[in-house]
Number of protein chains: 2
Amino acid sequence: MPRSPRSSSAKGPVTIAMVAARAGVSAPTVSNAINAPEKLRPETLERVLRAIEETGYRPSRAAQTLRTRSSKLIGYGVRPTPPGTTAPVMDRFLHALSEAADDAGYRILLFASPPGGASLKGYEDLLDQHDVDGFVLSDTDERGDPRQPWLDKQGVPFVAFGRMWSKRQIGDWVDVDGAAGTDAAVEHLISLGHRKIAFLGWERGSGVGDDRAEGWQRAMRRHELPTRARRAQSADDVDAARTAVKPLLDAGATAVVAASDTLALGCYYALRERGATPGRDVAVVGFDDSPTAGILSPGLTSVAQPLEAVGRECVRLLLARMADQDAEPERVLLEPSLVIRDSTPAPDA
Amino acid sequence: MPRSPRSSSAKGPVTIAMVAARAGVSAPTVSNAINAPEKLRPETLERVLRAIEETGYRPSRAAQTLRTRSSKLIGYGVRPTPPGTTAPVMDRFLHALSEAADDAGYRILLFASPPGGASLKGYEDLLDQHDVDGFVLSDTDERGDPRQPWLDKQGVPFVAFGRMWSKRQIGDWVDVDGAAGTDAAVEHLISLGHRKIAFLGWERGSGVGDDRAEGWQRAMRRHELPTRARRAQSADDVDAARTAVKPLLDAGATAVVAASDTLALGCYYALRERGATPGRDVAVVGFDDSPTAGILSPGLTSVAQPLEAVGRECVRLLLARMADQDAEPERVLLEPSLVIRDSTPAPDA
DNA sequence: CTCGTTCATTAAATCGATAAAACGAACCTA
DNA sequence: TAGGTTCGTTTTATCGATTTAATGAACGAG
């Protein structure tokens with residue numbers, strides 16, 4: 001078989017007309033061979049497919065979009081990472097998103113979303129100019145985020161990474177079950193023999209933070225362990241955490257579950273301050289499995305979000321929504337997994 | 001003035017024909033009002049612009065692309081972050097890229113690039129199907145990367161984040177001057193009174209690593225300080241670094257410049273092992289200003305890459321290349337900046 | 001053997017923009 | 001006043017695909 005030459009090797013891309021000429025048919029027949037093969041006589045189909053193969057034909061998305069009003073594009077607004085925040089792992093999510101989209105014949109179109117309050121500008125632009133078929137949203141936990149209601153009203157398909165914490169639920173979303181993560185952390189610690197397990201969380205009021213606290217609490221209750229005086233809160237900041245965790249250590253906690261790796265690191269420092277060693281004297285579990293967790297010493301056991309799966313699910317839900325606008329909203333909670341490192345060692349054999 | 005209604009509020013987007021009808025002119029006149037306003041009589045221009053404003057008209061990119069063969073799209077292949085690696089904060093880069101592109105009327109189109117060897121598949125697809133106008137490449141330091149030669153041969157505009165270390169230079173690139181970064185680190189340490197300044201780097205052979213070593217070396221020479229027995233190498237791994245730095249500390253180094261934050265953290269541990277305190281007893285400087293650097297205690301002084309500026313420059317060079325295919329290749333080296341934290345404290349007053 | 005079906009294929013129309021060519025009015029020159 | 005410019009606008013054609021309507025061949029029934 002002849003090696004299929006790159007379309008642009010000759011001059012300009014291969015058009016449907018060239019394929020048609022080569023196969024001895026008309027343009028619509030080539031189109032049908034791709035989009036409705038059952039309409040062709042098997043013999044014709046084979047001839048057309050061969051011509052497509054030989055010419056390396058790829059339909060022009062611009063022409064398809066113009067005709068069908070569907071761009072096979074999914075919009076995603078990139079927020080700048082606020083300096084100081086540990087929110088780096090978005091690369092993994094974006095890659096998973098791209099990959100899942102590619103597999104379905106879609107692509108991700110980026111636009112720069114302003115840092116402060118969620119503006120609708122970029123969303124309007126992508127809709128009008130690029131005819132995007134839908135959007136993936138992230139960072140949806142801000143209060144008064146206008147995006148979901150607006151997109152819903154416009155009838156534009158979208159899916160959010162992050163559930164809605166308000167009562168009124170709008171549209172589909174995918175989220176990670178934070179409570180299940182801290183619950184698993186507690187179970188792990190209990191299996192190691194710990195009973196005095198404390199929780200270091202953020203100030204109440206954030207959906208994500210309260211959810212993570214909830215998982216710790218329910219696991220403790222399940223094992224009939226007291227939670228009173230075993231819980232502290234702090235800003236997501238190492239120094240604040242170092243201070244906030246002290247009472248818990250004073251109260252004799254042998255293990256700390258933290259709502260973030262940053263908070264967990266605060267525990268490390270508080271322990272060292274009093275001459276104790278994280279992992280050996282007090283077990284510590286973080287949340288997010290940030291790059292930092294792996295390079296700390298001792299390595300920080302942490303709850304890892306399945307970002308690849310989140311990306312895939314986002315695309316799956318979005319495609320379903322695009323296929324049927326009126327379907328029941330689907331909401332997916334994914335289980336995080338515990339990455340066990342040296343900060344939660346097995347008891348001496 | 002009437003509030004401009006969202007195009008899709010009525011039914012379907014606003015087309016150029018609607019604007020033309022409203023302004024009492026023909027379609028091409030509207031087109032000219034946007035693309036060649038000097039061709040219109042001022043009075044007509046004003047009338048057309050008003051109609052555009054009132055209708056909220058945004059030209060359809062699909063139609064424009066079809067006609068002009070320019071999509072105003074820039075392709076970018078997202079690689080998955082290899083697990084274990086200190087994920088560079090690519091989000092910042094991507095945001096900057098998007099923002100700079102948006103400002104110039106372009107957008108970033110993602111595709112999933114396979115993890116292993118750089119495949120050309122995604123690049124071909126974006127060219128043929130989406131008519132992308134150019135590409136931004138990253139992770140170009142791999143040997144035998146086929147992308148640059150291939151794109152160059154195809155005559156497709158591209159710009160790389162990361163210079164080419166081989167002799168044969170192809171195309172435009174933007175990079176961060178790693179040598180200038182470590183040089184500045186040394187200067188900073190010298191100003192604090194240090195003289196025995198060691199360098200902890202990667203194994204020789206990587207362009208990036210050798211460059212960072214080079215900056216340290218030249219600064220030392222400039223101040224007539226010895227570099228012999230002040231240099232060690234290690235894999236980019238905390239434990240390896242901890243071991244590798246020992247001889248340097250044994251030799252009495254009072255400061256260590258590391259080729260990465262991971263290596264710098266290895267120094268922290270080596271110091272603690274011998275009862276010394278990073279920052280107080282021995283100064284440490286890292287490289288990349290990863291999120292980890294900020295949350296360590298003491299905070300790690302680190303060389304920060306100007307990722308926002310890199311993104312902007314990438315777009316600038318790419319636009320220039322698209323405007324003139326035959327222009328001389330432009331290569332931009334950006335200065336990193338030293339983020340000073342507590343690991344390099346000022347001497348006691 | 002003619003006429004109505006069925007089925008595969010083609011011809012024609014269309015999406016929304018822009019480039020090129022045609023057009024017509026105003027103005028200038030001879 | 002005829003003829004030539006200049007200038008602004010419109011007409012026409014086009015990009016590459018898909019949708020709809022039309023076409024023609026093969027076939028069966030009457």
Using a cut-off of less than 4.0 Å, is there contact between a side-chain N or O of [X] and OP1 or OP2 of [N]?
{"X": "A:R41", "N": "C:dC7", "value": "no"}
{"X": "A:R69", "N": "C:dG16", "value": "yes"}
{"X": "B:S60", "N": "C:dC15", "value": "no"}

Using whole Å, what does the distance between atom [atom2] of nucleotide [N] and atom [atom1] of [X] come to?
{"X": "B:Y57", "N": "C:dT18", "atom1": "OH", "atom2": "C1'", "result": "10 Å"}
{"X": "A:L66", "N": "C:dT18", "atom1": "CG", "atom2": "P", "result": "12 Å"}
{"X": "A:E46", "N": "C:dA8", "atom1": "CD", "atom2": "P", "result": "17 Å"}
{"X": "B:M18", "N": "C:dC15", "atom1": "CE", "atom2": "C1'", "result": "12 Å"}
{"X": "A:K39", "N": "C:dT9", "atom1": "NZ", "atom2": "C1'", "result": "11 Å"}

Polar pairs (N or O, both sides) under 3.5 Å between protein and nucleotides 19-23 of chain C?
none

- Message: Any base atoms under 4.0 Å from B:V25, or only sugar-phosphate, or nothing? Heavy atoms, all strands.
- Response: sugar-phosphate
- Task: Classify the nucleic acid contact of A:T44 as base, sugar-phosphate or nothing, counting any heavy atom under 4.0 Å across all strands shown.
- Result: sugar-phosphate
For residues 32-39 of chain A, dump all side-chain donor-acceptor pairs below 3.5 Å to protein atoms at least two apart in sequence or in another chain.
unit_1 : atom_1 : unit_2 : atom_2 : d
A:N32  : ND2    : A:P28  : O      : 3.4
A:N35  : ND2    : A:S31  : O      : 3.2
A:N35  : ND2    : A:S31  : OG     : 3.4

Compute whether any side-chain donor of one residue and acceptor of the other, for [X] and [Y], lie under 3.5 angstrom apart.
{"X": "B:S138", "Y": "B:Y76", "value": "yes"}
{"X": "B:T15", "Y": "B:Y57", "value": "no"}
{"X": "B:S70", "Y": "B:D133", "value": "yes"}

Are the charged groups of [X] and [Y] less than 4.0 angstrom apart, N to O?
{"X": "A:R107", "Y": "A:D102", "value": "yes"}
{"X": "B:R331", "Y": "B:D172", "value": "no"}
{"X": "A:E330", "Y": "A:R316", "value": "yes"}

- Message: Check whether A:R321 reaches the backbone of A:A327 with its side chain - one donor and one acceptor, N or O, closer than 3.5 Å.
- Response: yes
- Query: Ring centres of B:Y123 and B:F135 under 6.0 Å apart?
  - Reply: yes
- Message: Which is more 5' along DNA chain D, the nucleotide nearest B:G24 or the one nearest A:A62? Just name the residue.
- Response: B:G24
- Message: Assuming nearest nucleotide by heavy-atom distance, tell me which of B:T29 and B:A63 is located more 5' along DNA chain D.
- Response: B:T29
- Query: First and last nucleotide of DNA chain D in contact with chain A, 5' to 3', at under 4.0 Å to a heavy atom: what are they?
  - Reply: D:dG16 to D:dT19
